[in-house]
Amino acid sequence: MTATATDRETVELSVVVPARDEERRLGPTLDALVDHLEQTGAGWEIVVVDDGSTDATGDLVAARRDPRIRAVTGAGRGKGHALRLGVAASRGRRVLVTDADLATPVAELARLEHALAEGHAAAVGSRAVPGATLGDRQHRARELLGKAGNLLIRATAVRGIRDTQCGFKLFDGDKARTAFAASRVDGWAIDVEVLRHFQRANWPVAEVPVRWSHRPGSKVRPPDYLRFLRDLARLRRADLLAVLLFLFFSLALYSGRVLDPAHRYLTDSLQDQNQWEWFFAVTADNVSHLRNPLFSDLQGFPDGVNLMANTAMPGLSVPLTPVTLLCGPAVTLSLVMTLGLAATAAAWYRLITKRLTPHRGAAFAGAVLAAFAPPFVSHANAHPNFVVLFMIPLIVDRALRLCTGTRVGRDGVILGLMAAYQCFLGEEPLLLAAIGMLLFALAHTAVRPKEAAAAVHPLLRGLAIGAAVCLPLLVYPLAWQFSGPQSYDGIDHGTAPGTANSLRALLTFAERSLLAGDAETTKALSLNATEQNAFYGWPLALLALAITVLLWRRRPVVRALAATVLGAALLSMGPRIGGVPGPWALLDGLPLFESVIESRVAMICGPVLGMLVALAVAELTGTRPLLRYGGLAAVALALLPLIPAPLRSEPRAEVPAFFTDGTWRSYVRDGETLVPVPLAEPGAAEALHWQTATGLGFRMPGGYFNGPYGDGDRTGVYGVPLRFTASLLREARFTGVAPVIDTAAREAAAQDLAYWRAGALVLAPQHHADVLRETVDKLLGRPGRRVDGVWVWDLHD
């Protein structure tokens with residue numbers, strides 16, 4: 001164990017100087033250090049670490065004959081190992097680490113001391129912040145490499161510090177000895193590792209501008225840059241492993257389809273896989289032909305589809321246009337959902353390590369629950385807008401940055417851009433995230449009123465800046481969504497079981513639970529297989545309660561998180577709970593909220609429960625073995641029933657040769673539509689797949705999308721209002737009974753076909769196909785013809 005300054009005789013300042021073959025430069029450096037330190041009047045020492053020198057470097061220290069100047073012998077393993085030895089041997093209340101060339105004059109020490117006096121645990125001399133002065137400069141190539149390296153460092157290891165490699169740093173002594181003792185890097189990346197340790201421990205670090213001049217005789221050689229990259233990768237090994245595991249879990253979940261997305265169909269996606277593939281295909285088609293990506297009349301003809309009002313995810317479907325055109329929409333959708341789910345887990349992992357606990361194992365457990373909780377597994381069947389949520393943790397983190405008040409302008413602008421982009425990924429998840437953040441803010445205000453009061457002004461200012469950036473970017477898309485063609489005023493989901501959660505739904509195990517799933521019970525408590533928005537299970541509820549009770553006093557954030565979970569659960573239970581008005585009654589019917597399925601609010605609980613689990617695991621790792629292993633076993637038992645089985649998939653029905661061979665082109669002229677029998681609708685949208693298989697070559701009436709009811713009624717509905725012919729064919733398909741066809745029916749059908757500008761009707765093999773063929777024969781007064789696997793009625797005859 002490394003001794004601290006309190007275990008032995010202490011001095012005010014220790015100066016640690018790593019040196020290897022520094023016979024020429026070390027002497028003047030020691031002279032300058034001694035001259036400056038003697039003027040301070042405080043106790044000091046200089047620790048020179050001779051890192052395997054082959055010249056007289058070690059003799060220079062012995063020749064001083066000053067007990068305050070000591071030498072420590074290294075093994076030639078690198079700067080990192082030398083500093084670890086030197087800091088471990090130090091006795092100072094503060095520790096200055098400086099290079100042997102003293103490129104930063106020791107007189108700059110006063111600036112660093114001022115930063116520590118203000119409460120920082122470390123002060124980093126910097127050449128990259130305003131106020132820094134550069135004398136003699138390095139070679140241009142080395143400067144460029146240094147800047148590129150620091151960009152990489154900020155992106156992967158140490159946030160917010162522009163210059164980690166300047167060799168002039170002042171630390172709190174005990175914290176320095178702790179951080180260097182925990183380090184493992186032997187090379188130049190030791191600075192990054194130590195500063196990363198400080199940030200993980202929430203020890204504040206100041207970046208201070210200093211004077212700096214390049215000194216000849218640098219020991220940095222070209223291979224050292226490669227070693228630095230290697231060491232940087234080692235520092236992020238745990239994080240890289242976490243990301244790879246998230247990707248593995250996502251691939252396992254989609255294992256039934258991910259290897260052959262074009263020929264496999266997710267069984268529980270109902271018709272949503274067809275719909276989402278159509279969204280990606282039509283967006284790519286619009287972009288490639290320079291058409292408006294927010295509208296299409298390829299289905300729902302002649303009125304068309306308002307794509308902005310249909311969560312078509314232009315934030316991904318537009319930039320992924322080349323992938324869709326090259327590989328097809330099925331591949332694009334598979335990539336989006338598989339990689340998006342893994343990216344979401346990685347984003348929650350980053351937020352938890354940054355804001356709650358630096359313990360990587362604890363953060364991993366929390367992130368897995370945050371991204372793979374039962375509601376998200378349910379939506380993973382068919383709803384990428386509720387699976388690809390990697391922007392939400394980034395938005396939460398940026399909002400928390402605003403609360404500190406440090407860079408409100410910059411953070412406000414970034415938050416505005418993030419919110420705008422999330423709107424192009426999914427507006428409802430952003431609304432749910434806002435509800436969750438508001439619940440947490442209210443709870444945190446009750447727990448820490450002084451902290452909350454101090455954060456109000458910078459937060460509101462930052463939100464105003466964010467709104468000023470976000471709204472101009474969204475004016476046109478939102479105007480199109482709410483006032484453009486085929487826009488609508490909300491969707492009434494009714495009061496069917498599953499639109500709101502019950503307490504039983506919150507505590508029951510999910511259908512896809514590998515160990516405890518009960519499909520019949522789950523289906524009775526939810527709308528369908530893609531809307532199982534609760535089902536966290538009673539063991540997790542008990543675990544969350546235990547975590548809250550045990551950490552109630554030690555971790556105030558636990559109280560705020562627990563209140564957020566409880567608030568979201570109550571809101572998800574709808575406007576009435578057991579006959580009594582619930583919290584959702586305050587929001588029910590308000591603009592934006594009228595379209596929300598209340599049970600989805602319980603999705604907020606997943607990430608928050610993940611954070612509680614992460615805090616619990618982090619606390620357990622520092623306890624006695626019996627308590628640690630017992631507690632971790634309890635956590636594992638609570639999470640075990642949540643492990644999902646892979647999503648069900650099945651071979652996809654073959655597209656009739658009539659479409660794949662291009663035969664349809666002989667029956668549909670320019671401006672005409674192809675009418676599937678029966679028309680595509682939310683319950684039977686296979687015709688959308690036929691359409692994408694032809695490269696969106698034809699238009700069709702009907703379809704699966706959200707639009708207005710019609711005839712002046714702007715109430716939102718799924719699909720289109722059914723005209724006479726569409727209703728007649730739908731009834732024949734579902735009942736298997738041929739309807740009575742009279743003259744009035746034939747006249748109504750003729751009007752509908754003219755309204756749709758139909759060129760042909762097409763009946764593919766399906767249930768009750770004989771009844772449907774008989775019905776169309778009677779409506780048109782002539783039989784259809786069998787062509788390439790389908791029945792066709794050519795309306796040009």
Side-chain angles (χ1 to χ4, degrees), residues 200-203 242 345 348-349 351-375 393 396 400 436-437 439-452 503 506-509 515-516 534-572 602-643:
R200 283 185 177 182
N202 292 320
W203 297 338
W348 285 119
Y349 173 81
L351 179 68
I352 293 171
T353 57
K354 186 176 180 180
R355 295 291 178 180
L356 290 178
T357 173
H359 191 284
R360 265 35 191 178
F364 177 79
V368 169
L369 179 55
F372 293 88
V396 172
L400 292 174
M437 287 189 283
L439 290 173
F440 179 83
L442 294 174
H444 182 69
T445 300
V447 172
R448 290 289 183 90
K450 291 184 178 179
E451 287 185 13
L503 181 62
L506 290 164
L507 300 180
T508 299
F509 295 116
L515 300 178
F535 306 100
Y536 290 99
W538 58 265
L540 182 58
L542 290 179
L543 176 65
L545 178 62
I547 293 170
T548 303
V549 171
L550 295 174
L551 299 182
W552 183 270
R553 292 186 179 277
R554 287 206 305 276
R555 299 298 299 266
V557 69
V558 166
R559 288 175 252 170
L561 292 172
T564 304
V565 170
L566 180 60
L570 290 174
L571 284 171
S572 78
M603 298 172 74
I604 297 170
C605 298
V608 183
L609 288 169
M611 295 176 192
L612 287 173
V613 168
L615 288 171
V617 173
E619 288 285 335
L620 288 169
T621 55
T623 58
R624 297 187 304 275
L626 182 61
L627 178 59
R628 178 166 67 250
Y629 295 125
L632 292 176
V635 171
L637 288 174
L639 297 180
L640 197 61
L642 303 186
I643 297 175

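Residues: numbered from 1 along the sequence shown. Computed from a predicted structure; not experimentally measured.
Between T357 and V617, every side-chain heavy-atom pair lies at or beyond the 4.5 Å cut-off. A heavy-atom distance below 4.5 Å is found between the side chains of Y349 and F364. Residues T445 and L442 have side chains not in contact (no heavy-atom distance under 4.5 Å, counting atoms from C-beta outward).
Between A544 and T548 the shortest heavy-atom distance is O-OG1, 2.8 Å. In terms of heavy-atom proximity, P374 sits nearest to A534 at CB-O, 3.7 Å. Contact record, A569 with C605: N-SG, 4.0 Å, taken as the closest heavy-atom pair. For L356 against R555, the heavy-atom pair with the smallest separation is O-NH2, 3.5 Å. Counting all heavy atoms, side chain and backbone alike, V447 lies closest to A560 at CG2-N, 4.3 Å. Across every non-hydrogen atom of L506 and S572, the tightest pair is CD2-OG, 4.3 Å.
Within 6.0 Å of atom CG in L626, 12 or fewer heavy atoms from other residues, nucleotides or ligands are found, so the atom counts as exposed in its surroundings.
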When you look at L615 and V557, which way does the side chain to side chain contact (heavy atoms under 4.5 Å, CB included) test go after all the steps? CA-CA 10 Å; L615 288 171; V557 69; 3.8 Å; yes
Please step through side chain to side chain contact (heavy atoms under 4.5 Å, CB included) for the pair M611 and R355, ending with a clear verdict. CA-CA 10 Å; M611 295 176 192; R355 295 291 178 180; over 6 Å; no
Please evaluate residues L639 and I643 with respect to the criterion side chain to side chain contact (heavy atoms under 4.5 Å, CB included), reporting the C-alpha separation (whole Å), side-chain torsions for both, the decisive distance (0.1 Å), and the verdict. CA-CA 7 Å; L639 297 180; I643 297 175; over 6 Å; no
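At distances below 3.5 Å, at least one donor-acceptor pair connects side-chain atoms of Y536 with backbone N or O atoms of A602. Side-chain N or O atoms of R628 include one that pairs as donor or acceptor with a backbone N or O of T623 at under 3.5 Å.
The side-chain contact (heavy atoms from CB on, under 4.5 Å) with V613 is formed by just one residue from the set V608, V368, I352, L369; it is L369.
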